[in-house]
Number of protein chains: 2
Amino acid sequence: MPVQKVTREEVIQKSLPVFRQRGYYNTSMTDLAEACGLQKGSFYHYFDSKESLMKEVLGAVSSYFENKIFAIAYDESLLPVERLQKVLDKQIRAVTNTKGGCLMGNTAIETALLTDEFKPIMEAFFDGYVKALAAIYSTQFSAQAANQLAQQAAMEFEGALILVKMSGKEQLLHDAAHRIVERLKS
Amino acid sequence: MPVQKVTREEVIQKSLPVFRQRGYYNTSMTDLAEACGLQKGSFYHYFDSKESLMKEVLGAVSSYFENKIFAIAYDESLLPVERLQKVLDKQIRAVTNTKGGCLMGNTAIETALLTDEFKPIMEAFFDGYVKALAAIYSTQFSAQAANQLAQQAAMEFEGALILVKMSGKEQLLHDAAHRIVERLKS
DNA sequence: GTCTATAAAACGATAGAC
DNA sequence: GTCTATCGTTTTATAGAC
């Protein structure tokens with residue numbers, strides 16, 4: 001058996017920043033092959049298609065956020081305001097570490113009207129996000145108010161990413177995070 | 001002169017919903033040709049390239065918003081709260097009349113990291129938007145606070161469009177508009 | 001004939017798939 | 001690497017108004 005140059009997991013991890021920066025449709029198999037150090041034909045040994053690769057990339061992002069970021073919202077060893085600050089801080093790091101913003105938001109805008117293939121995983125991601133923030137807000141507000149505030153936070157954060165992507169002004173992200181935390185205190 | 005099937009302006013107007021629904025890279029000249037009732041080669045009598053057509057489409061959107069929607073923010077025959085409600089109402093109509101959300105936001109996410117060609121017009125659009133809302137908020141707040149509130153409104157609205165595009169829940173847009181108006185009253 | 005909006009055909013390049 | 005399809009673009013031809 002020939003040596004395996006890269007694992008399936010490495011292909012997913014190396015494809016992620018390419019999709020985030022170039023978008024789904026504008027990313028070619030050649031782009032992905034270069035990023036992974038593979039011949040483009042070799043991809044089909046790991047994945048059925050570009051679409052199924054993208055699904056797994058989105059799944060990896062969703063798992064990461066669920067386990068490493070949203071989980072903080074339920075950490076009862078921290079005060080509510082500390083949880084919220086930590087979640088937002090990790091989120092900002094995740095989207096500013098490499099360029100391209102939020103893959104889920106990008107992909108929603110690019111594909112939501114064209115294919116249903118990615119919708120379940122994207123909806124689950126945003127649902128998990130809103131539920132996590134709502135859990136924090138619900139320590140100070142009614143369940144309904146907490147849910148509204150959580151939805152508002154998700155919108156504000158995703159919207160901020162659009163303006164940041166265009167203008168390069170990362171400060172807008174920190175401003176948004178500050179407002180999201182302030183609303184917990186009132 | 002042979003019969004002209006479409007004017008230059010009609011090509012722009014008929015291309016707009018195609019770009020909004022399919023995105024820039026995923027829209028082919030064949031898609032645009034079908035929408036305009038032309039052969040794809042015939043486009044090049046009106047426009048140098050797909051890119052220059054897109055620039056003119058973005059310019060048409062920008063002009064429309066500037067003249068028909070943002071202008072309301074400066075209409076002194078209306079009370080501030082009335083202006084804000086009217087601006088948001090027109091904006092919601094503009095993005096829900098046909099599917100696809102906000103062409104400017106979509107295009108920013110899709111292209112901002114890949115080409116600078118569309119950035120000036122997109123930045124001018126968002127600048128005009130924030131300035132318009134800031135003019136309304138400044139009747140109740142300091143210039144700096146008004147600008148922050150206007151930026152926040154732009155982010156919330158664009159973020160809401162992402163969630164609406166994915167989930168189909170148009171109510172999220174109305175919820176966001178309600179919050180944006182409420183912040184003027186406080 | 002000359003001009004011009006369109007159609008039709010064909011170009012090289014690159015797409016996703018195998 | 002090799003396939004076929006399609007991409008954005010260019011060229012050629014045609015039809016009708018001067």
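Order of the sequence lines sets the chain letters (A, B, ...), proteins ahead of strands, with each chain counted from 1.
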Rounded to whole Å, please give me the gap between CD in B/Q39 and P in D/dT10. 17 Å
For residues A/M29 and A/L32, determine if any side-chain heavy atom of one lies less than 4.5 Å from a side-chain heavy atom of the other. yes
Could you list the protein-to-nucleotides 16-18 of chain C atom pairs, N/O on both sides, closer than 3.5 Å?
residue : atom : partner : partner atom : Å
C/dG16  : OP1  : A/T27   : O            : 3.1
C/dG16  : OP1  : A/K50   : NZ           : 2.6
C/dG16  : OP2  : A/M29   : N            : 2.7
C/dG16  : O6   : A/K40   : NZ           : 3.2
C/dA17  : OP2  : A/Y44   : OH           : 2.8
C/dA17  : OP2  : A/K50   : N            : 3.1
C/dA17  : O5'  : A/Y44   : OH           : 3.4
C/dA17  : N6   : A/K40   : NZ           : 3.4
C/dC18  : N4   : A/G41   : N            : 3.3

Whole-Å distance separating the CG atom of B/N26 from the C1' atom of D/dT6: 12 Å
Is the shortest distance from a Lys or Arg side-chain nitrogen in A/E156 or A/R183 to a carboxylate oxygen in the other one below 4.0 Å? yes
Would you kindly give the CD-to-P distance between B/E34 and D/dT6, to the nearest whole Å? 12 Å
Starting from P on D/dT6, measure out to CG on B/D31 and report it in whole angstrom. 12 Å
Is A/E182 paired with A/K185 through a side-chain N to carboxylate O contact shorter than 4.0 Å? yes
Should B/R83 and B/D75 count as an ion pair when the cut-off is N to O under 4.0 Å? no
Separation of D/dT9 P from B/M54 CE (nearest whole Å): 13 Å
In whole Å, I'd like the distance from the NE2 atom of B/H45 to the C1' atom of C/dC3. 11 Å
Not counting sequence neighbours, list each pair that qualifies as a side chain to side chain donor-acceptor pair (under 3.5 Å) and has a residue in residues 96-114 of chain A. A/R20-A/T98
Could you check how far CZ of B/F43 sits from P of C/dA7, rounded to whole Å? 10 Å
Please list, chain by chain and in numerical order, all residues satisfying side chain to side chain donor-acceptor pair (under 3.5 Å) with A/K131, sequence neighbours excluded. A/D127
B/L38 has an atom CG; how far is it from atom C1' of C/dA7, in whole Å? 10 Å
